[in-house]
Each structure stands twice: as structure tokens, then as C-alpha cells.
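Before any comments, here is the structure.
Numbered from 1 within each chain, the chains take letters A, B, ... in sequence-line order.
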Amino acid sequence: MPLYWLIDVSGEEESNEVEIWAISEDEVRVIINDRFNVEFYVQSSNQEEDAKSIKVIEGVKSIESVNKNFKGKSLNLLKISVGNARASDIVEEIRRQCKYLVNIFEDDIRFSNQYIFKKGIIPSSWINLDVVDQGYINGYRTLRLNKIVSVDFQRSYFPQLKILAFDAFFYSQKGSPDPERSSIIAISVVTSDNISKVFVGEEKILVNNFLNFIKEFDPDVIVGFNSNRKIIPFLIERSKRIGLEFSLGRLNSVPRGSVHGHQSVRGRLNIDLYDLAEETPEIKLETLEEFTQFLNLPIEYDTVDEYELAEMWSKDRDRVLKYLIQRARGIFEIYKVVDEYIFSLSQLTCIPADYVLTASTGFRVENYLSKLAVEKNEVIPSRKEVVHVSYLGGMVKSPTPGLHKDIVVLDFRSMYPSLMIKYNISFDTIDPNGPIIVPNSAIRFSDKEGFLPHALKKLIEERRRIREKMDMLPRDSPERIILDARQRAVKVISNAIYGYTGWAGARWYTREIAEVTAALGREIILNAIKKAEELKLKIVYGDTDSLFIKNDKKIDELINWVENVLGLEVKVDKIYKTVLFTEAKKKYAGLKDDGAIEIVGLEAIRGDWSEVAKLAQKEVVEAILKVGVEEGVNVARRHINNLVSQKVPLKQLIIWKQITKSLEDYEATAPHVEVAKKLIGEGWKIQPGDKVGYVIVKGTGRLYTRVKPYFKANLNEIDWNYYVEKQVLPVCMRILEVFGIKESDLKSTLGLTAFFQ
DNA sequence: TGTAGGCATCCATACCTGTCGCT
DNA sequence: AGCGACAGGTATGGATGCCT
């Protein structure tokens with residue numbers, strides 16, 4: 001039976017036609033057609049009567065009485081199958097006609113999702129298909145699906161995909177490019193066939209050449225950076241203006257806007273690495289440069305910022321083109337590092353690789369659970385608007401300020417998932433008379449395995465299996481890399497299930513569950529602290545599921561006690577030679593036994609502080625941990641002195657902050673919002689999610705009147721005093737005051753006192 | 001089309017209090 | 001003495017981005 005690897009599934013609900021793009025084992029790109037009728041379920045207090053009304057509604061293909069599970073109950077429902085119609089129209093009619101209607105389920109599950117769930121297929125996987133040849137369309141072999149035979153779980157590798165990385169520049173004299181007046185000046189590409197080129201010249205010819213190249217190379221994957229939100233929509237719009245169809249997709253189709261702000265490109269995977277940058281916490285500014293650096297890829301960029309692009313284009317065209325090519329190269333290389341992760345995530349969540357990155361964590365979890373629900377005959381609840389009542393979360397123990405030597409960090413291994421399994425916590429096991437009781441809580445659970453514990457066990461088992469397999473493979477072997485990506489994907493989903501149950505937008509939102517899980521977490525950590533104190537262990541800090549303990553033989557005893565008495569796994573996560581705490585929770589810095597410095601929570605790692613302040617704090621911390629407080633003071637003085645003598649480059653003075661909502665929604669006046677407003681007034685487009693960089697300049701009055709976009713400021717208007725008093729000094733003092741150092745200790749001796757008057 | 005809550009921190013603003021000058 | 005303007009301090013809430 002031939003094997004096919006699934007690229008994408010799409011379809012037309014009204015014509016019941018499914019279009020699957022796939023690659024056969026011998027690497028032929030094929031279109032597989034199938035038919036599928038959408039189904040949904042109706043709960044009625046008088047099935048017979050309501051069935052009569054439903055039967056005559058146009059588009060209802062069949063009705064069947066079925067039993068399904070719903071949150072721990074068994075429900076008898078009418079399964080409605082839809083033919084040549086839209087489910088939403090039929091639902092509307094049912095709401096009007098059925099007198100005994102109680103509820104409708106699964107009418108809000110997208111067509112292609114239903115198909116994937118109900119046929120048991122898995123995107124980005126190899127599947128045995130029984131197909132009939134139907135000839136060719138535009139050179140693509142077309143098949144009709146007879147039967148899905150089986151998913152081949154054994155094959156962990158992916159087919160040789162044809163990859164095209166691309167990027168584009170648009171010309172805008174002032175502000176952000178706008179398809180109305182800005183033209184496309186260049187498009188660069190780098191492909192898996194090792195072609196690297198840039199399309200330039202007269203706009204129409206340029207675009208045509210690019211599209212011809214696409215048609216000829218025929219990539220399976222199109223990868224860009226910011227392609228969903230900016231590049232592709234611009235190219236489509238601009239092409240329209242100059243009388244072209246931007247047919248990036250197979251069968252000459254133009255991309256169209258799809259779910260989660262994704263651009264759907266027919267027959268190809270359109271992947272935007274910006275989505276991945278956004279969800280990677282280490283990447284703060286979310287630029288391609290930063291992403292590349294984060295992955296340690298040896299790619300150099302001669303960066304041209306957007307604000308200087310137009311000028312550079314007239315001054316040094318080659319430099320701009322060089323940078324554009326470097327970008328496509330960077331995008332390509334990053335993709336090669338992350339593709340396994342993307343496909344693993346796609347397989348696990350059953351979201352096509354195409355938009356698995358644009359879907360946020362909550363929707364990934366939800367898709368995973370939905371797929372499992374169909375398998376377990378559980379009805380998927382409808383999405384409803386509910387009012388969220390927040391609840392108590394994790395417990396954080398205040399740290400003992402100062403330097404601590406030889407500190408062991410004890411971690412409860414995946415505490416929330418473990419607790420949910422241990423107490424069988426789930427939306428379908430809540431039972432006022434259930435045998436499982438929870439300490440200090442009125443809520444009880446039945447002992448019949450719940451849906452969420454089942455899901456979690458499956459995930460944990462899967463991860464264990466993968467890691468076992470991994471251990472048998474040589475390091476850096478391709479298979480091991482794929483498995484590692486897969487186990488990471490599994491872990492992400494598993495850890496997010498607790499949070500998902502407390503998310504008001506979730507289909508399976510059940511606040512009580514999230515609440516009781518968090519309460520149990522607090523109970524556990526408090527018990528562990530109590531036991532540790534009994535053992536005379538010294539705890540310097542703790543947060544949610546971790547304890548920082550002064551090293552002692554008795555720690556083993558504590559670990560055993562937790563495992564035997566509390567029934568949970570704990571492990572030594574790491575050991576600090578020295579760790580530094582201030583008064584604040586969630587902030588510390590440590591020197592590990594391997595010599596590495598770890599900074600947690602402090603300003604030095606926050607994206608919304610100037611580089612000069614971050615660097616100063618980082619060096620102060622390092623000096624204290626490695627040398628001593630005295631040296632920390634010296635470092636701080638040096639940095640302050642640098643500012644006073646105005647020797648710091650402008651780039652280190654930029655403060656970056658995100659615009660999180662549309663500007664009119666801001667209640668408070670804030671510096672970064674004022675900058676954003678100014679920029680918008682000058683023709684820049686700023687949307688929620690964008691980051692604005694600004695510096696503080698000399699002047700009087702409120703801070704927001706003294707801000708300037710970084711690219712409009714120059715060094716002689718900088719308010720150096722601000723950077724001393726509000727940036728470098730406070731972050732250094734935060735650390736140094738722990739050791740009794742006073743502000744005056746940093747300012748004096750350098751003859752700076754006058755400067756601060 | 002937002003996993004959760006806990007936390008520190010900055011900034012703008014409202015409010016409070018005391019002082020001073022003027023009548 | 002009584003009043004208002006003003007300066008300076010403080011409490012409060014919005015906003016951001018971190019931690020587990």
C-alpha cells in the first residue's frame with residue numbers, strides 16, 4: 001500500500017469536497033480528493049419530535065441517534081450529517097424549529113479539523129492510503145481516496161521537502177510601506193537546491209520573475225520572517241495595484257487570509273518564523289538577527305533598519321541587496337534547525353504544519369484534546385463566553401537576602417500534571433460523592449479515570465518512550481534530533497493543560513479544576529517546607545514547585561520523604577556555588593558549579609531596560625559572585641562614570657517597549673505610547689505586538705514629553721542624568737544595597753557630586 | 001483567537017499636607 | 001485670621017515583562 005506524507009488538508013464544506021496535498025514515498029507531489037460530510041450533535045428532550053423537524057431541513061443528509069460522553073455523563077444525542085450545505089445555516093434552522101432543543105455540539109468545529117479528527121489522520125505524518133488514479137491537473141498527479149488504511153507511526157523521518165526561504169523590501173520615502181504608494185524593490189530567495197538570488201528591477205517584471213521562479217522551483221515549503229502579517233499581504237495588495245495576481249500557491253492560486261492571522265498558500269506550507277520568535281522567551285526584540293544569534297548560527301548581517309532603508313537604497317543599493325540575501329539565507333538556516341520541531345508539534349496537536357505556529361498554546365492544547373475526545377467518544381463542548389473569576393495560584397516564599405554558598409535547587413517534577421493524575425482531577429470526574437478527597441477542599445473526584453489524567457498519562461508515557469529511544473541513538477544523529485524535538489513538543493502540551501483548564505476562552509474551561517490543582521500545589525510545597533524545617537534544613541527561597549536549600553546530607557532524606565509520603569517525584573535540578581538574593585521574589589543570580597552565571601528575573605534580562613543598565617547590572621552581579629562586593633562597586637562606578645562622561649553609544653540607551661493594544665485603548669499616558677503616536681503621525685504603522693524603541697532627551701516636565709524614537713535622536717540631546725538616575729544607578733543599587741552600599745558610595749570619589757545637583 | 005497566577009517595577013495622576021504670600 | 005497657590009510627598013492604578 002503506498003505511503004503518503006501529509007502536507008495540508010483543506011476543503012469546501014458546502015460541496016463536501018476535501019483536498020489533501022501530499023508527497024508520495026517516491027517524492028511525487030499529489031492531490032488527493034475525498035468527500036466528507038460535516039457532522040454535529042443535537043441534544044433534545046424529545047428526540048422523536050425534534051428529529052421530525054430536523055429531517056425536513058434542506059441540507060440534512062442523515063440523522064442518527066447515538067450515545068456520547070459529555071463531562072462524565074452519557075448523553076443520547078442526534079447525530080446530524082450535512083450534505084451540500086453549511087452547518088451554520090442548518091443550526092440556525094434547528095434553533096428556530098426544534099421545540100425541545102437542549103443543546104447543540106460540535107457545529108463550531110472547522111471542516112478540515114472535523115475531517116482530520118474523524119478520519120483519524122495525522123498531519124505531517126506518513127499514511128497508508130488506498131487511492132485511485134485520476135490523471136493530472138497542471139502537472140500534479142490527482143488521486144481519489146478510497147480508504148485511509150493506517151497511519152505509519154514507525155517512520156520518524158520526514159520526506160525531502162523543497163524549501164524556499166524568501167524576504168522582500170518595499171520602498172517608502174517616509175514611514176511604513178503602504179501598497180498604495182510604495183513599490184516592491186526587491187525579493188530575495190534561498191532554496192534547498194542551493195539557489196540564492198535576488199529579484200530586482202522594474203516592479204512588474206520583478207514580481208513576474210519571482211512568481212515564475214516559484215512555479216518552476218515549485219516549493220513545498222515557503223518560509224519567511226513576518227510573512228503572515230506583513231510581507232505576503234503587502235505583496236498581494238501591491239501586485240493587485242500593478243495589475244498582477246500574486247499566485248504564490250500551487251494551481252496558480254493567490255494566498256488567502258486564514259485562521260490565527262495566517263496566510264494560507266494552496267498546496268504549500270507557508271511558515272512564518274516570526275511566530276516562533278514570538279513564543280521563544282529568550283528572544284526579546286523578535287528580530288531575525290536576534291533569532292539567528294539565539295541559535296548560534298554563523299550568519300552575519302549588514303543590517304539596514306527599516307527607517308534607513310529608503311536612504312540606503314539610493315546611496316548604496318548593493319548593500320541593501322546584500323542584506324536582503326543575508327536575510328533569506330538566515331531564514332533558510334533557521335528553518336533547517338526548527339523544522340523537526342514544527343512537524344512534531346503538528347503531528348502531536350493534529351494542526352497542519354502550515355499554521356501550527358500561528359496557533360497559540362491554548363489552541364494547540366485544545367486541538368490535542370479535541371482529537372483525543374473524538375477517539376474517546378467524548379463530545380467537544382462549544383466555545384462560550386464566560387466570566388472568569390481568578391483564583392489563588394502558586395506559593396512563593398520570600399528569599400533570605402544576601403549571598404548564599406552551596407545551594408541545592410530541588411524541583412518537583414511536573415508538579416501540576418502529577419497532581420492532576422494523582423487526584424484524578426478532570427472536568428468529567430467531579431463528583432460530590434466521589435471517593436477521592438482533596439485536603440482542605442470540598443471538591444471530590446470519582447475514581448474512574450478522567451479525561452485529562454488520561455491525556456496527561458498518554459503524554460507522559462509518550463515522552464518517556466521517546467526519551468528511551470533517544471538514549472539508544474548517537475548524539476547529533478538526525479533521528480535523535482527529531483525525537484528530541486518531539487519530546488519537547490510533548491512536554492509543552494503536557495505542562496500547558498493545567499493552565500488551559502483555567503483559561504476562560506477554553507472549550508473545557510473548568511475553573512474549579514485549575515483552582516484545586518493550584519491549591520494542592522501550595523499544600524505540597526508547604527508540607528515539604530515544614531518537613532525540611534523539621535530536618536533542620538535551611539531553605540533560602542521557594543517558588544511554586546521549587547525549593548532552594550543549603551546543601552546538607554539530610555536533603556536525601558527530604559527527597560525520600562516527598563517520594564514516599566507525598567507520593568510525588570522530586571529531583572535536584574541544579575546546584576549553585578553561590579547565589580544572590582535581594583528582598584524581591586522571582587529575582588536572583590547564581591554562580592553554578594560549572595562556572596556559568598545564571599540571572600533570573602532581574603532587570604539585566606528584561607527587554608524593557610536600556611542596554612547600558614542591563615550590562616551594568618550583569619557585570620555588577622558577575623563581579624560580586626566571582627570576586628566580591630568591592631569589585632561590584634567598582635564596576636558600577638565605572639558604568640556611571642561612562643554615562644557622566646557621555647561615552648555610551650546611543651544604541652545602548654534605547655528602551656524598547658511593546659505596544660500591547662490599539663492606542664486609543666490606553667487609559668494612561670506612557671512614554672512608549674507617546675512615541676508610538678508620534679510615529680503613527682509620521683506615517684509609520686504600529687500595531688499591537690510591535691515594539692517601539694526610544695531614548696530620553698533633555699528637557700523638563702513629564703517623561704513622556706522628553707521621549708524620541710531612537711532613530712531620530714542624537715547623542716548631544718540625550719538626558720544623561722536620566723540614564724544615571726533612573727536606569728543604571730537603580731539597577732546597580734538594587735543589588736549593592738543588599739551589602740549595605742549606599743548611593744553616595746557610588747557617586748562620591750569620582751567627583752560626580754556636582755553633576756547630580 | 002489569551003494556558004494560569006504571582007511579582008517587581010516605573011510612571012502618571014490624584015490626593016494630602018504644609019508653607020507662603022496676600023488680603 | 002482666612003484664603004488660595006504652590007511645592008513636595010505619598011498612595012494608587014495602569015502597564016510591562018518577568019517566574020514557575
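Looking at A:D428, A:N424, A:T429 one by one, the single match for side chain to side chain donor-acceptor pair (under 3.5 Å) with A:S426 turns out to be A:D428. Of the candidates A:Y576, A:F739, A:F548, A:F548 is the only one forming a ring pair (Phe, Tyr, Trp, His ring centres under 6.0 Å) with A:F581.
Distances from the side chain of A:D608 to the nucleotides B:dT13, B:dG2, C:dT16 place C:dT16 closest.
The distance from atom CG of A:D543 to atom C1' of C:dC18 is 11 Å, rounded to the nearest whole Å. Atom OH of A:Y368 is separated from atom P of B:dT3 by 18 Å (rounded to the nearest Å). When rounded to the nearest whole Å, the span between CZ of A:R706 and P of B:dC11 equals 10 Å. The distance from atom CG of A:N228 to atom C1' of B:dT1 is 14 Å, rounded to the nearest whole Å. The interatomic distance linking A:D690 (CG) with C:dT16 (P) rounds to 13 Å, in whole Å. The separation between A:E282 atom CD and C:dC18 atom C1' is 12 Å, rounded to whole Å. The nearest whole Å value for the distance from the CG atom in A:D411 to the C1' atom in C:dC19 is 12 Å. Rounded to an integer number of Å, the gap from OH of A:Y500 to P of B:dG2 is 14 Å.
Residues passing the side-chain hydrogen bond (donor to acceptor under 3.5 Å, both in side chains) test with A:Q658: none are found, sequence neighbours excluded. Contacts of A:E289 classified as side-chain hydrogen bond (donor to acceptor under 3.5 Å, both in side chains), with partners at least two apart in sequence or in another chain: A:T303, A:Y323. Remark: A:F105 pairs with A:F70 by the ring-ring contact (aromatic ring centres under 6.0 Å, His included) rule, at least two apart or across chains. Residues that satisfy the ring-ring contact (aromatic ring centres under 6.0 Å, His included) test with A:H639, not counting sequence neighbours, are absent from this structure. The side-chain hydrogen bond (donor to acceptor under 3.5 Å, both in side chains) search around A:S662 returns A:D665, not counting sequence neighbours. Residues forming a side chain to side chain contact (heavy atoms under 4.5 Å, CB included) with A:K550 (at least two apart in sequence, or on another chain): A:K405, A:I407, A:K538.
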Give every donor-acceptor pair under 3.5 Å between a side-chain atom in residues 385-393 of chain A and any protein atom, sequence neighbours left out.
| from | atom 1 | to | atom 2 | distance (Å) |
| --- | --- | --- | --- | --- |
| A:H388 | ND1 | A:Y509 | OH | 2.8 |
| A:Y391 | OH | A:Y498 | OH | 2.9 |

Solution key, residues 453-460 of chain A side-chain donor-acceptor pairs under 3.5 Å, sequence neighbours excluded:
| from | atom 1 | to | atom 2 | distance (Å) |
| --- | --- | --- | --- | --- |
| A:H454 | ND1 | A:E449 | OE1 | 3.2 |
| A:K457 | NZ | A:E449 | OE2 | 2.8 |

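Cation-pi geometry between A:K657 and A:Y694 is not satisfied (NZ or CZ under 6.0 Å from the ring centre, within 45° of the ring normal).
At the heavy-atom level, A:G505 lies nowhere under 4.0 Å from the strands shown. Within 4.0 Å of A:L602, counting heavy atoms only, lies no atom of the nucleic acid at all. Contact annotation for A:G502: backbone-only contact, meaning every heavy-atom pair under 4.0 Å involves sugar-phosphate atoms and none involves a base. Backbone-only engagement by A:I605 is indicated by non-hydrogen atom pairs under 4.0 Å involving sugar-phosphate atoms exclusively. Contacts of A:Y722 with the nucleic acid, taken as non-hydrogen atoms under 4.0 Å apart, involve only primed sugar atoms and P, OP1 or OP2.
Phosphate contact (OP1/OP2 of B:dT3, side-chain N/O of A:T501, threshold under 4.0 Å): absent. Dashed line: the shortest gap from a side-chain N or O of A:R511 to OP1 or OP2 of B:dA4 is not under 4.0 Å. Contact check, A:K284 against C:dC18: a side-chain N or O comes under 4.0 Å of OP1 or OP2. Using a 4.0 Å cut-off, no side-chain N or O of A:Y588 falls inside it from OP1 or OP2 of C:dC18. The phosphate of C:dC19 has neither OP1 nor OP2 within less than 4.0 Å of any side-chain N or O from A:T544.
Contacts between residues 384-391 of chain A and DNA chain B, defined by a heavy-atom separation below 4.0 Å, involve A:H388, A:S390, A:Y391, listed by number.
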When you compare the protein's N or O atoms with those of nucleotides 7-9 of chain B, which come within less than 3.5 Å of each other, and at what distance?
| from | atom 1 | to | atom 2 | distance (Å) |
| --- | --- | --- | --- | --- |
| B:dC7 | OP1 | A:K585 | NZ | 2.8 |
| B:dT9 | OP1 | A:R734 | NE | 3.3 |
| B:dT9 | O3' | A:R734 | NH2 | 3.3 |

Intermediate values then yes/no, salt bridge (charged side-chain N to carboxylate O under 4.0 Å, His left out), A:K614 and A:E603:
CA-CA 6 Å; A:K614 289 163 65 172; A:E603 287 80 3; over 6 Å; no

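By the 4.0 Å N-to-carboxylate-O rule, A:E279 lies close enough to A:R364 to be salt-bridged with it.
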What does the B/S/- profile of nucleotides 6-15 of chain C look like, 5' to 3', with a 4.0 Å heavy-atom cutoff to protein?
--------SS

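B:dG2 and C:dG17 have their C1' atoms separated by 15 Å, given to the nearest Å.
Counting only heavy atoms from C-beta outward, the side chains of A:D108 and A:S88 never approach each other to under 4.5 Å.
Taken over five-pair windows at either terminus, the axes of the helix from B:dA4-C:dT20 to B:dT23-C:dA1 are inclined to one another by 20° (rounded to 10 degrees).
To the nearest 0.5 Å, the span separating CD1 on A:I575 from CG on A:L591 amounts to 12.5 Å.
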